[in-house]
Protein chains: 2
Amino acid sequence: MIKIEPPRLRAASDVPGGRRKQRVSMADVARLAGVSSQTVSRVANGSPGVVETTREQVLAAMSELGYRPNSAARSLRYGRFNTIGVILFGLASTGNSRTVEAIATHAAAEGYAITLIPVGAPTQDNVMGAFTRMGELAVDGVVLIIEVHLLDASAVAIPPGVHVVVVDSDAGDRYPVVDTDQADGARQAVRHLLELGHRTVRHVAGPVESFAAERRAGAWRQILEEAGRPVAPPERGDWSADSGYHAGLRLAADPDCTAIFAANDQMALGVLRALHERGRRVPADVSVVGFDDIADAGSYLPPLTTVHQDFAEVGRRCVDALLGQIHDEPAGPGTDLVPTRLVIRGSTAPPSGVSG
Amino acid sequence: MIKIEPPRLRAASDVPGGRRKQRVSMADVARLAGVSSQTVSRVANGSPGVVETTREQVLAAMSELGYRPNSAARSLRYGRFNTIGVILFGLASTGNSRTVEAIATHAAAEGYAITLIPVGAPTQDNVMGAFTRMGELAVDGVVLIIEVHLLDASAVAIPPGVHVVVVDSDAGDRYPVVDTDQADGARQAVRHLLELGHRTVRHVAGPVESFAAERRAGAWRQILEEAGRPVAPPERGDWSADSGYHAGLRLAADPDCTAIFAANDQMALGVLRALHERGRRVPADVSVVGFDDIADAGSYLPPLTTVHQDFAEVGRRCVDALLGQIHDEPAGPGTDLVPTRLVIRGSTAPPSGVSG
DNA sequence: GGCAGTCATGTTTACGTAAACATGACGTCC
DNA sequence: GGACGTCATGTTTACGTAAACATGACTGCC
């Protein structure tokens with residue numbers, strides 16, 4: 001017993017300036033409270049078997065030192081991170097950010113945090129890289145928000161043992177998928193226009209590589225064909241209002257065009273602008289339906305009839321499915337479709353010359 | 001020594017079906033490769049001093065077992081998480097989601113992941129709760145995206161030792177703050193309208209509790225007062241297009257109103273709709289300026305003149321500031337302003353009766 | 001040919017936590 | 001009154017990793 005180290009407190013006040021260590025461990029708290037670190041652990045976790053006076057001493061020591069549990073150690077101990085990873089290409093689209101928000105909110109309610117892994121461009125390398133990082137990341141499972149054809153390529157292998165739920169894809173034969181019922185939404189939109197008396201419906205489609213665009217266009221075509229109506233090739237956009245504008249200019253040039261189904265609201269906005277510039281009145285001359293029901297759609301000129309997507313529900317189901325995988329039995333592949341509903345506003349009406 | 005447990009390999013192949021443990025540690029790899037776990041560590045981290053043949057054996061063992069490093073153990077070892085937390089009230093607003101995306105992208109480039117902590121309502125309890133969770137969370141620092149008056153309340157204390165950068169607030173006297181130069185943007189907008197010849201400018205303000213709304217309104221008032229123009233009380237909105245619509249209806253009723261500065265683009269959209277419904281032409285009768293320059297603003301009817309915010313730059317500076325704190329010296333309080341610029345489109349023109 | 005130096009690799013330890021097990025004080029029951 | 005149960009608390013250990021230190025084989029030099 002030569003030298004006794006001073007109890008080396010490591011509260012912030014201990015280190016004069018700059019790089020305060022600030023790491024206070026259970027051992028530090030235990031020392032100050034005069035108990036063992038196991039007792040501190042028991043207090044921290046609310047385990048039974050700690051007498052009230054001891055508990056209070058420990059709590060006092062905790063707050064004096066500013067103790068906060070080290071989640072790395074905790075995760076190491078438990079083998080769980082209580083964190084969900086989300087891989088996506090960007091938050092720019094309303095759908096993605098709304099879905100992510102719902103995932104984050106719902107996950108938080110279940111005690112999980114979410115980690116965002118943005119991948120720059122939808123190349124295989126990038127997605128693979130994201131998965132590699134995910135593997136190293138402190139994550140119990142992954143939600144993959146991929147809206148482009150990519151998972152088809154067998155080269156993109158999700159590491160085995162990684163729990164995953166895919167959004168907005170057709171990988172339902174290989175992974176659990178949660179998706180909006182795109183096809184049904186598109187069907188509602190097209191049927192609505194046909195029921196108003198329009199002879200046929202033109203389509204402003206999203207980009208070819210998008211799953212959602214593909215399914216919306218497919219349903220549009222199907223309904224027209226079932227009804228025996230002419231099917232003009234769809235105009236192709238890239239989801240942006242600007243691309244919708246250019247598609248709208250082309251459609252405005254066709255005097256036979258009386259009804260347009262745009263694959264999202266932003267392109268519909270561009271279509272409205274093009275029609276307006278060309279002097280075609282909406283809905284008197286041309287009816288327009290969008291898809292998404294973004295917050296602004298009700299304020300367009302005129303307010304847009306559109307297909308409402310329940311992004312919050314998509315996010316919620318993702319979390320539920322993923323937590324199910326993490327906690328219970330492994331989930332098989334399959335697609336969970338969230339229903340849509342048509343919101344009728346002022347941009348649709350019977351074609352001119354048709355009453356009621 | 002009665003019973004000896006079998007050595008319990010835990011490779012995926014070990015567990016028949018269902019709940020595979022799948023935790024493969026360096027020790028497992030080492031065993032298979034016939035080396036020590038330290039050598040595996042060296043290979044995993046690319047440390048020098050491993051002969052090529054050994055390295056290959058280890059790599060082979062790694063891929064056979066599907067080894068992925070355990071980041072909890074790594075974080076525990078290093079005392080760092082390589083993760084940034086982002087506390088926010090929601091991703092619904094364009095600004096927030098764009099900022100978060102920029103933060104995520106830039107952080108990823110620096111080897112950091114981001115963890116999202118949504119707080120439901122902007123109450124002190126919720127923010128405190130988020131910080132408590134943050135403390136327990138695997139995070140090296142925090143970006144606080146708070147756009148409402150809250151940090152004013154001294155009750156909200158950021159735990160000492162937590163690195164933090166605040167966005168969109170006036171807490172610049174206590175914390176490092178990164179913000180868009182709201183005031184200058186608003187000044188540009190109002191000056192633009194005055195220079196076109198408008199006698200004065202009406203304002204559709206954001207909610208009272210918003211910092212950004214406060215600053216935009218303040219600058220609007222300041223410019224008018226400096227120019228000696230009449231200052232009518234601002235209409236009050238809540239950022240939504242709908243609230244802008246109602247404000248627009250009130251303004252449309254005033255024949256003297258020829259120029260409107262809306263505190264964001266969505267409210268401007270609502271104003272455009274209200275003016276259109278009331279038969280006031282834009283920009284012939286009334287000029288409208290927005291704020292944000294969201295993607296759709298160029299497709300409004302008419303295309304909206306607005307103040308462009310560089311959200312990506314805000315996100316980038318947040319990450320830089322935070323990583324600076326984490327790696328180098330602690331940063332003092334202060335506000336870092338990201339400039340804005342006015343984007344002139346079709347919604348502004350000289351008032352009727354004034355030429356050029 | 002022996003000895004120091006170099007280099008690949010192995011062993012020990014610590015990071016912070018919490019389960020599992022150990023201890024010891026006290027009360028109770030026959 | 002002594003054996004035993006109960007209960008608060010302490011001690012040991014393992015989670016997976018990597019720095020620090022240890023070992024031992026081989027090289028080169030005098």
Side-chain angles (χ1 to χ4, degrees), chain A residues 5 8 10 21-59 61-62 65-82 135-140 161, chain B residues 5 7-11 21-59 61-62 65-82 135-140:
Chain A
E5 295 245 336
R8 216 164 73 82
R10 294 192 297 180
K21 262 297 180 193
Q22 90 88 29
R23 269 296 70 185
V24 179
S25 74
M26 285 189 168
D28 299 316
V29 175
R31 214 170 299 129
L32 179 61
V35 300
S36 76
S37 65
Q38 184 56 48
T39 297
V40 176
S41 169
R42 279 188 266 255
V43 171
N45 292 29
S47 307
V50 180
V51 96
E52 192 51 33
T53 54
T54 309
R55 171 181 305 273
E56 274 162 17
Q57 280 169 37
V58 171
L59 289 174
M62 279 180 173
L65 296 180
Y67 169 78
R68 284 175 297 130
N70 179 318
S71 61
R74 233 178 199 158
S75 293
L76 178 58
R77 191 86 240 293
Y78 288 130
R80 239 183 313 96
F81 300 99
N82 277 23
E136 300 168 3
L137 240 49
V139 158
D140 301 313
Chain B
E5 296 244 338
R8 219 161 75 80
L9 284 182
R10 295 189 298 177
K21 263 296 182 191
Q22 89 89 29
R23 271 293 72 186
V24 179
S25 75
M26 285 190 168
D28 300 317
V29 175
R31 213 171 300 131
L32 180 61
V35 299
S36 77
S37 65
Q38 183 56 48
T39 297
V40 177
S41 170
R42 279 189 266 256
V43 171
N45 291 33
S47 307
V50 180
V51 94
E52 192 51 32
T53 54
T54 310
R55 172 181 303 274
E56 275 162 17
Q57 280 170 36
V58 171
L59 289 175
M62 277 180 174
L65 295 180
Y67 169 78
R68 283 173 299 130
N70 180 318
S71 61
R74 231 176 202 162
S75 293
L76 178 57
R77 191 85 239 294
Y78 287 130
R80 253 211 272 112
F81 300 100
N82 276 23
E136 300 167 3
L137 240 49
V139 159
D140 301 313

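Quick note on labels: first sequence line is chain A, next is B, and so on, each numbered from 1.
Comparing C/dT9, D/dT9, D/dG10 by their nearest atom to the side chain of A/Ser36 picks out D/dG10. For A/Val50, the listed nucleotide lying nearest its side chain is D/dT9; candidates were C/dA19, D/dA20, D/dT9. Listed nucleotides D/dC15, D/dG16, C/dT11 differ in distance to B/Leu76; the shortest reach to its side chain belongs to D/dG16. Residue A/Val51 has its side chain nearest to D/dA8 when only C/dT9, D/dA8, D/dT17 are considered. Closest to the B/Tyr78 side chain, of the nucleotides D/dT17, D/dA18, C/dT17, is D/dA18. Which of D/dT9, C/dA19, C/dT17 sits closest to the side chain of A/Thr39 comes down to D/dT9. Nearest nucleotide to the B/Ser25 side chain, out of D/dG16, D/dG10, C/dG16: D/dG16. Among the nucleotides C/dT17, D/dA8, D/dA19, the one closest to any side-chain atom of A/Pro69 is C/dT17. Set against C/dG10, C/dT17, C/dA18, the side chain of A/Asn45 has C/dA18 as its closest nucleotide.
Residue B/Arg77 has no polar side-chain atom (N or O) positioned under 4.0 Å from OP1 or OP2 of D/dG16. In terms of phosphate contacts, A/Thr54 brings a side-chain nitrogen or oxygen within less than 4.0 Å of OP1 or OP2 of D/dT9. Residue B/Tyr67 has a polar side-chain atom (N or O) positioned under 4.0 Å from OP1 or OP2 of D/dT17.
The base of C/dG10 lies close enough to the side chain of B/Arg42 for a donor and an acceptor atom to sit less than 3.5 Å apart.
Nearest heavy-atom pair, B/Leu76 versus A/Ala73, reported as atom, atom and distance to 0.1 Å: CD1-CB, 3.9 Å. Contact between A/Val50 and A/Arg55 at its shortest, heavy atoms only, is CG1-N, 3.8 Å. Between A/Ser37 and A/Met26 the shortest heavy-atom distance is O-SD, 4.1 Å. For the residue pair A/Ala33 and A/Ala61, the shortest heavy atom distance occurs at CB-CB, 3.8 Å. Between A/Ser36 and A/Ala30 the shortest heavy-atom distance is C-CB, 3.6 Å. Closest non-hydrogen pair, A/Asn70 versus B/Phe81, comes out as OD1-CZ, 4.4 Å.
Going from atom CZ of B/Arg74 over to atom P of C/dG16 covers 19 Å, rounded to whole Å. Atom CZ of B/Arg31 is separated from atom P of C/dG10 by 14 Å (rounded to the nearest Å). Counting to the nearest Å, the P atom of D/dC7 and the CD atom of A/Glu52 are 17 Å from each other. A straight line from CE of A/Met26 to P of C/dC15 spans 15 Å, rounded to a whole angstrom. In this structure, the CG atom of B/Asp28 is 10 Å from the C1' atom of D/dG16, given to the nearest Å. At whole-Å resolution of the value, CD in B/Gln38 and P in D/dG16 are 16 Å apart. Atom-to-atom, CZ of A/Phe81 to P of D/dG16 comes out at 11 Å; the value is rounded to the nearest Å. In this structure, the CG atom of A/Asn70 is 17 Å from the P atom of C/dA14, given to the nearest Å.
Across all strands shown, A/Ser75 has no heavy atoms under 4.0 Å from either base or sugar-phosphate atoms.
Nearer to the 5' terminus of DNA chain C, by closest-nucleotide assignment, is the contact made by B/Val35 (compared with the other of B/Val35 and A/Ala27).
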